[in-house]
Amino acid sequence: TSIWHFSDIEKQHLRLATAAFTLALGFIAVRGLSGISTLGFNTWIITLLLAMPVMLLAVGPAFILHEIGHKIVAKRYGCWAEFRADPKGLQFGIMLSFFLGVLFMAPGAVMVSGLVKRRYNGYVAVAGPLTNLILFIIGIPIWALILGLSGAFDFTHTSLFDNGLSLNIYLDGDKILWKSMLIDAGIVWLYANLILGLFNMIPWGPLDGAKVKDWSEPAFYFVFCIFLIPVAGMFLGVWGPKTLLSGCVNLIF
């Protein structure tokens, strides 16, 4: 079949994994159950419902296109390849994010069947992280344009990812702060693609990094460092997605 063919069961599994991933990320945004004590139950529910589309917009492409990257390259080399969700992994991730406000989820993976050379297997594995790298790079100008044209940085931004939760996140009375939602979507887009790429390049178990390293250690260390350096810079405070996007907006506009 065409490399772009998706069976009905594959589409169903992609929808299931994406929905579960979005719900878990929504719980992360409101700090799980602990967020109720800060926001109050009604505001907690409203903030959760507003955070979920932000997370879907920002993280959905990072997750879905990562898996599609694997699929397309595998089919390019004559393999059968379809995504399958892991129901137990999805359930565990949702429960963990709901009760503890942290995310650790194995939503599923592209199942590949076929005999290919080790080199081609490495190509299939590295396709996912490289897709995230491309999304990160193109996300910078795209989100800078979106945020600049919308004037999102023209007001004081309170983020879901600032320290602590605030009652005015995404809400000002009965008014939805959609510009704040846009800024967070851009921030999470950059953050998520770097973290997802780095995590999958860990050379352990079923993760992509193990297959890439088995194919080529130089290729593994090169791609791993491409993700590790900017992620380390984020956590060390050398740079941040919000500062980067704000600087690009000022530069363009």
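Here the structure is a predicted model, which means the values were calculated and not measured.
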K.L.:
Heavy atoms, side chains only, cut-off 4.5 Å: are I9 and H13 in contact?
P.N.:
yes
K.L.:
Run the side chain to side chain contact (heavy atoms under 4.5 Å, CB included) test on I68 and F83 for me, step by step, so that the C-alpha distance in whole Å, both residues' side-chain angles and the decisive distance to 0.1 Å come before the verdict.
P.N.:
CA-CA 8 Å; I68 291 177; F83 177 82; over 6 Å; no
K.L.:
Is it the case that the side chain of S97 and the backbone of I94 share a donor-acceptor pair, with hydrogens and angles ignored and the cut-off at 3.5 Å?
P.N.:
yes
K.L.:
Please confirm whether the backbone N or O of V112 pairs with a side-chain atom of K71, one donor and one acceptor, at under 3.5 Å?
P.N.:
no
K.L.:
Looking only at heavy atoms, which two atoms of A192 and V59 are closest? And how far apart?
P.N.:
CB-CG2, 4.0 Å
K.L.:
So, do Y191 and V231 sit near enough that their side-chain heavy atoms are less than 4.5 Å apart?
P.N.:
no
K.L.:
Closest approach of M55 and G26, non-hydrogen atoms and distance?
P.N.:
CG-N, 4.3 Å
K.L.:
Under 3.5 Å, is there a donor-acceptor pair between the side chain of W239 and the main chain of P230?
P.N.:
yes
K.L.:
Do side-chain atoms of N132 reach the backbone of A62 as a donor and acceptor pair under 3.5 angstrom?
P.N.:
yes
K.L.:
Which of these, V249, L182, L145, I183, sits in a side chain to side chain contact (heavy atoms under 4.5 Å, CB included) with S150?
P.N.:
L182
K.L.:
To the nearest 0.5 angstrom, please state how far the CG atom of L245 sits from the CG atom of L190.
P.N.:
5.0 Å
K.L.:
Kindly compute the distance separating CZ (F227) from CG (L194), expressed to the nearest 0.5 Å.
P.N.:
7.0 Å
K.L.:
Out of curiosity, M234 CE to I229 CD1, how far, rounded to the nearest 0.5 Å?
P.N.:
13.0 Å
K.L.:
Taking the side chain as every heavy atom from C-beta outward, state whether L198 and F224 have any pair of such atoms under 4.5 Å apart.
P.N.:
yes
K.L.:
I'd like to know if the side chain of R84 reaches the main chain of E82, judged simply by a donor and an acceptor atom lying under 3.5 Å from each other, with no hydrogens or angles considered.
P.N.:
no
K.L.:
Taking atom types as modelled, is there a side-chain donor on Y77 or N121 under 3.5 Å from an acceptor on the other?
P.N.:
no
K.L.:
Indicate, with yes or no, if L56 and W178 share a hydrophobic cluster defined by side-chain heavy-atom contacts under 4.5 Å among Ile, Leu, Val, Met, Phe, Trp and Tyr.
P.N.:
no
K.L.:
Could you check whether any side-chain N or O of T131 sits under 3.5 Å from a backbone N or O of A127, counting only pairs where one atom can act as donor and the other as acceptor?
P.N.:
yes
K.L.:
With under 30° as parallel and over 60° as perpendicular, where do the rings of F21 and F63 fit, or are they tilted in between?
P.N.:
tilted
K.L.:
Under a plain distance cut-off of 3.5 Å, with no hydrogens placed, do N193 and H66 share a side-chain donor-acceptor pair?
P.N.:
no
K.L.:
For the residue pair K117 and W215, establish whether any side-chain heavy-atom pair is separated by less than 4.5 Å.
P.N.:
no
K.L.:
As an exercise, state the distance from CD1 of I28 to CG of L23, rounded to the nearest 0.5 Å.
P.N.:
10.5 Å
K.L.:
Between T18 and R15 (side chain of the first, backbone of the second, donor and acceptor by atom type, cut-off under 3.5 Å), is there such a pair?
P.N.:
no
K.L.:
Looking at every non-hydrogen atom in both residues, tell me the closest pair between S37 and S34 and how far apart they are.
P.N.:
OG-O, 2.8 Å
K.L.:
Show, in sequence, the C-alpha distance, side-chain angles and deciding distance for M181 and I176, and conclude whether the side chain to side chain contact (heavy atoms under 4.5 Å, CB included) test is met.
P.N.:
CA-CA 9 Å; M181 295 171 70; I176 295 176; 3.7 Å; yes
K.L.:
What is the distance from atom CG of D208 to atom CZ of F220, rounded to the nearest 0.5 Å?
P.N.:
11.0 Å
K.L.:
Is the shortest side-chain heavy-atom distance between M201 and L207 below 4.5 Å?
P.N.:
no
K.L.:
Check whether any side-chain heavy atom of C248 lies under 4.5 Å from a side-chain heavy atom of I140, and answer yes or no.
P.N.:
yes
K.L.:
Using atom types as modelled and distance alone, determine if a side-chain donor or acceptor of T43 lies under 3.5 Å from a backbone N or O of G40.
P.N.:
no
K.L.:
Would you sort out whether H5 and K75 count as a side chain to side chain contact (heavy atoms under 4.5 Å, CB included), showing the intermediate values?
P.N.:
CA-CA 10 Å; H5 172 76; K75 297 192 75 173; 4.0 Å; yes
K.L.:
Mark yes when over 12 heavy atoms from residues, nucleotides or ligands other than F253 sit less than 6.0 Å from its CZ; otherwise mark no.
P.N.:
yes
K.L.:
So, taking the atom named NZ in K213 and the one named OH in Y221, what distance separates them when rounded to the nearest 0.5 Å?
P.N.:
3.5 Å
K.L.:
Any side-chain to backbone donor/acceptor pair from N250 onto S246? Under 3.5 Å, distance only.
P.N.:
yes
K.L.:
Is there a side-chain contact between P129 and H70 in this structure, where contact means two heavy atoms from C-beta onward sitting under 4.5 Å apart?
P.N.:
yes
K.L.:
Can you check whether L135's main-chain N or O pairs, donor with acceptor, with W189's side chain at less than 3.5 Å?
P.N.:
yes
K.L.:
Check the pair L14, F6 against side chain to side chain contact (heavy atoms under 4.5 Å, CB included), reporting the backbone distance first and the verdict last.
P.N.:
CA-CA 10 Å; L14 280 169; F6 293 85; 4.2 Å; yes
